[in-house]
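First up is the structure itself, then whatever we jot down about it.
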Amino acid sequence: MTEKPLSEQEIIRRQKLQELENLGINPYPPESFLVNVTAKDIKQNYERDKLNYKDVSIAGRIMSVRDMGKAAFAVIQDATEKIQIYIKRDEICPDENKKLYDIVWKKLIDIGDIIGIKGYVFTTKTGEITIHVLDLNLLAKSLHPLPVVKVDESGKAHDAVTDPEFRYRQRYVDLIINPPVKDIFIKRSKIIQSIREFFNNKGYLEVETPILQAIPGGAAARPFVTHHNALDTSLYLRIANELYLKRLIVGGFDGVYEFAKNFRNEGMDRTHNPEFTGLEIYVAYKDYVWMMEFTETMIEKVVADLYDTSLLEVGNNKIDFKAPFKRISITDAIKEKTGLDIAHATETELKSLCKKHGIETEETMGKGKLIDEIFSILCEKDLIQPTFVIDYPIESSPLTKKHRNKAGFVERFELYINGQEIANAYTELNDPIDQYQRFEEQATLKQKGDDEAMYMDYDFIRALAYGMPPTAGLGVGIDRLTMLLTNQHSIQEVILFPQMRPEKILETEKENIP
RNA sequence: GAUUCCGUAGCUCAGUCGGUAGAGCAUUACACUUUUAAUGUAAGGGUCCCGGGUUCGAGUCCCGGCGGAAUCACCA
């Protein structure tokens with residue numbers, strides 16, 4: 001509870017709580033309530049199997065009430081959807097005592113309360129499938145008024161709560177009153193389930209690796225720092241799990257994967273949350289060519305599991321997820337846009353290309369960063385259909401094996417869909433001496449002032465020195481994949497509790513805790 | 001971190017030129033035994049985000065702060 005004085009409505013509800021207790025009704029009863037049907041089940045199956053719905057028991061939250069004196073209609077919502085109920089005074093109160101209806105139902109039960117009812121299903125004269133209530137139980141009293149969203153005949157919502165701050169801070173309310181929100185998170189769960197099933201069917205092992213790391217490795221990003229008291233040492237929240245999964249490949253597993261919460265101490269916007277979910281998988285004896293086929297098969301399956309089709313409308317685009325996806329090298333992609341073959345361009349030529357297209361550059365930017373910049377500004381947004389962009393410059397890929405026949409490039413692909421990067425994969429660098437040199441180059445960049453350059457990790461070098469089989473690795477941004485597959489514009493819409501500045505009321509309350 | 005916009009009842013929102021704070025829903029009371037954005041009648045409910053300033057007078061104008069959103073930068 002907050003320090004704020006109670007509103008009129010909250011005071012009234014607390015009084016009702018007392019009155020319920022005076023009547024001997026526990027507003028928070030401990031017993032289980034036996035539920036034998038869902039609202040969705042009734043709505044889908046009642047018409048063709050009426051006999052099956054003569055004795056239903058269902059629980060849910062009251063969303064609206066239409067009171068007509070000695071009878072009333074209300075709408076309850078369970079985990080599946082809303083359904084109308086019909087309560088007649090003389091049926092729930094067959095004898096002289098009408099208290100349950102006149103006092104409990106009409107005065108003490110409110111919108112937002114959770115009730116359990118028993119009765120039978122029928123169709124009203126206006127044709128709505130409705131539960132005729134014979135038995136009414138209060139299961140939990142609601143003390144905080146629930147915003148009421150009314151939906152008219154055309155399905156249009158009136159007075160819908162759209163304020164993002166309200167919706168994200170009180171996601172529990174958002175989930176109750178904005179049904180499409182719930183659907184997004186059900187789909188998110190299905191996406192993860194579908195991917196996990198795809199991997200498990202191939203015999204790959206789901207593992208867990210450290211979130212608290214002494215050396216934050218596997219990506220170029222600023223980490224969160226924390227402190228371990230007993231060890232008296234700084235630890236970092238992981239920015240990626242890549243180096244640990246590869247250690248497991250050294251250890252003899254031939255396929256390992258992890259859905260990993262990663263943490264990056266950087267800006268927040270509609271595509272970035274400080275904690276986000278990455279999926280990484282590493283498979284021994286494979287290369288990035290194999291990984292492309294693996295990835296497109298997986299994405300096609302996930303989309304099919306969700307929608308039973310490979311065609312999806314995302315924003316204004318129609319996207320076809322049918323494998324195989326298009327492949328294009330980053331050099332060809334840039335050549336198509338600019339006419340310049342960056343494979344043989346010097347740093348000065350790249351900088352003048354940037355200038356020509358109005359791309360800002362910095363002194364510290366090497367060839368790799370320049371090419372990244374040119375690509376992301378000129379090419380990315382036009383990659384609508386699923387496209388593998390392949391063969392990146394070596395400078396910005398310190399964990400990737402050198403290309404088998406393109407000097408200065410590595411065996412890496414990124415998957416773009418709807419102008420967004422969805423996945424990133426390599427033929428993993430398993431040459432310990434080469435890896436050591438790449439880390440050294442990163443260290444030099446760090447000295448030059450690049451605070452996102454990777455840290456040297458001697459233990460990882462030691463692991464590679466024991467011998468890591470040739471390996472292909474893939475990383476997928478689960479939040480962004482979910483955004484894509486649920487047609488959401490903002491990452492906050494696909495994370496249940498997105499990061500927000502702590503609420504002030506709660507801060508002052510904390511000080512009041514003895 | 002920068003810029004722009006926003007903050008009024010539990011919720012959604014009006015609020016004119018600076019002059020007594022408004023509506024719908026929700027709440028309370030009464031009526032109503034098949035309604036469905038139920039209906040009818042009546043009532044209550046406000047730290048106008050916070051703090052300064054200008055003014056006879058500020059929800060309104062100015063400055064600062066807090067919170068949010070959008071765009072940009074960093075990044076996935």
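Keep in mind that this is a model prediction, so the values were computed, not measured. Labels below follow one simple rule: chain letters A, B, ... track the order of the sequence lines, proteins then strands, and each chain is numbered from 1.
Residue pairs meeting the salt bridge (charged side-chain N to carboxylate O under 4.0 Å, His left out) criterion with at least one partner in residues 117-140 of chain A, sequence neighbours excluded, are K118(A)-D135(A). Within the structure, salt bridge (charged side-chain N to carboxylate O under 4.0 Å, His left out) contacts touching residues 61-70 of chain A (residues at least two apart or in different chains) are D67(A)-K106(A).
Between the K367(A) side chain and the I394(A) main chain, no donor and acceptor come within less than 3.5 Å of each other. In this structure, the side chain of K141(A) engages the main chain of L108(A) through a donor-acceptor pair within 3.5 Å. Of the possible donor and acceptor atoms, one in the side chain of E10(A) sits under 3.5 Å from a partner among the backbone N and O of S7(A).
Across all strands, D269(A) comes closer than 4.0 Å to base atoms (heavy-atom distances). Residue A160(A) is in sugar-phosphate contact alone, with no base atom involved, counting any heavy-atom pair closer than 4.0 Å across all strands shown. Here N273(A) lies in heavy-atom contact (under 4.0 Å) with a base. Here D90(A) lies in heavy-atom contact (under 4.0 Å) with a base. Within the 4.0 angstrom heavy-atom criterion, no nucleotide atom of any strand lies near Q420(A).
Map R89(A) and G267(A) each onto its nearest nucleotide of RNA chain B; the residue landing nearer the 5' end is R89(A). Comparing V161(A) and E421(A), the nucleotide of RNA chain B nearest to each residue sits closer to the 5' end for V161(A).
In the set U35(B), A76(B), C13(B), U35(B) carries the atom at the smallest distance from any side-chain atom of F73(A). Taking every side-chain heavy atom of K106(A) into account, C32(B) is the closest of A69(B), U71(B), C32(B). With distances taken from any side-chain atom of F122(A) to the nucleotides U34(B), U28(B), U33(B), the minimum falls on U34(B). For Y168(A), counting side-chain heavy atoms from C-beta on, the closest listed nucleotide (U33(B), A69(B), U27(B)) is A69(B). The side chain of S7(A) has G10(B) as its nearest neighbour among G10(B), U33(B), U35(B).
With sequence neighbours excluded, no residue satisfies side-chain hydrogen bond (donor to acceptor under 3.5 Å, both in side chains) with Y101(A). Scanning for ring-ring contact (aromatic ring centres under 6.0 Å, His included) contacts around H132(A) gives Y86(A), Y120(A), F122(A), with sequence neighbours left out. Among residues two or more places apart in sequence or in another chain, the side-chain hydrogen bond (donor to acceptor under 3.5 Å, both in side chains) test is passed with N487(A) by none.
Atom CZ in R270(A) sits roughly 6 Å away from atom P in U71(B) (whole-Å rounding). One interatomic measurement links the two molecules: CE of M268(A) to P of A70(B), which rounds to 11 Å at whole-angstrom precision. Taking atom CZ on R13(A) and atom P on A26(B), their separation rounds to 12 Å, with Å as the unit. Between the C1' atom of G68(B) and the CZ atom of F166(A) lies a distance of 14 Å, rounded to the nearest Å. In this entry the distance linking NE2 of H489(A) with P of A69(B) reads 13 Å, nearest Å. Nucleotide U35(B) holds its P atom 18 Å from the CD1 atom of I83(A), rounded to whole Å. If you measure from atom CZ of R501(A) to atom P of G65(B), you get 13 Å, rounded to the nearest angstrom. We find that OH of Y101(A) is positioned 11 Å from P of C32(B), with the value rounded to whole Å.
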Inset, instruction - Using a 4.0 Å heavy-atom cut-off, write out nucleotides 37-49 of chain B from 5' to 3' as B (base contacted by protein), S (sugar-phosphate only) or - (no contact). - result: BB-----BS----
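Proximity of K107(A) to the phosphate of C30(B): a side-chain N or O atom is located under 4.0 Å from OP1 or OP2. For K16(A), a side-chain nitrogen or oxygen approaches OP1 or OP2 of U28(B) to under 4.0 Å. Taking side-chain N and O atoms only, Q492(A) has a distance below 4.0 Å to OP1 or OP2 of A69(B). Phosphate contact (OP1/OP2 of U35(B), side-chain N/O of K125(A), threshold under 4.0 Å): present. Between R169(A) and G68(B), a side-chain N or O to OP1/OP2 separation shorter than 4.0 Å is present.
Between F375(A) and Y416(A), the gap from one ring centroid to the other is short of 6.0 Å. Ring-centre distance between Y282(A) and Y244(A): not below the 6.0 Å cut-off.
Atom P of C63(B) sits at a distance of 41 Å from the matching atom of A26(B), rounded to the whole Å. A distance of about 14 Å separates the C1' atoms of G7(B) and U60(B), rounded to the whole Å. To the nearest whole angstrom, the two C1' atoms, one in U12(B) and one in G53(B), are 33 Å apart. As rounded to the nearest Å, G18(B) and C56(B) have P atoms that lie 16 Å from one another. Taking the P atom of each, C49(B) and G10(B) are spaced 13 Å apart, rounded to whole Å. Straight-line distance between the P atoms of U3(B) and G64(B): roughly 11 Å, to the nearest whole Å. Taking atom C1' on both nucleotides, G46(B) is separated from A9(B) by 6 Å, rounded to a whole Å. If you take atom C1' in G45(B) and the same atom in A21(B), they sit 12 Å apart, rounded to whole Å.
Applying the Watson-Crick and G-U wobble criteria (two distances, each under 3.5 Å), U3(B) pairs with A70(B). Pairing of U60(B), defined by two Watson-Crick or G-U wobble distances under 3.5 Å, is not identified with any nucleotide. C30(B) is paired with G40(B) under the Watson-Crick or G-U wobble criterion, all donor-acceptor distances under 3.5 Å. With a 3.5 Å ceiling on both atom-pair distances, G45(B) lacks any Watson-Crick or G-U wobble partner.
For U34(B), the base has no donor-acceptor partner in the side chain of E128(A) [N/O atoms by modelled type, under 3.5 angstrom].
Between Y236(A) and Y455(A), the ring planes lie tilted relative to each other; the angle falls in the 30° to 60° range.
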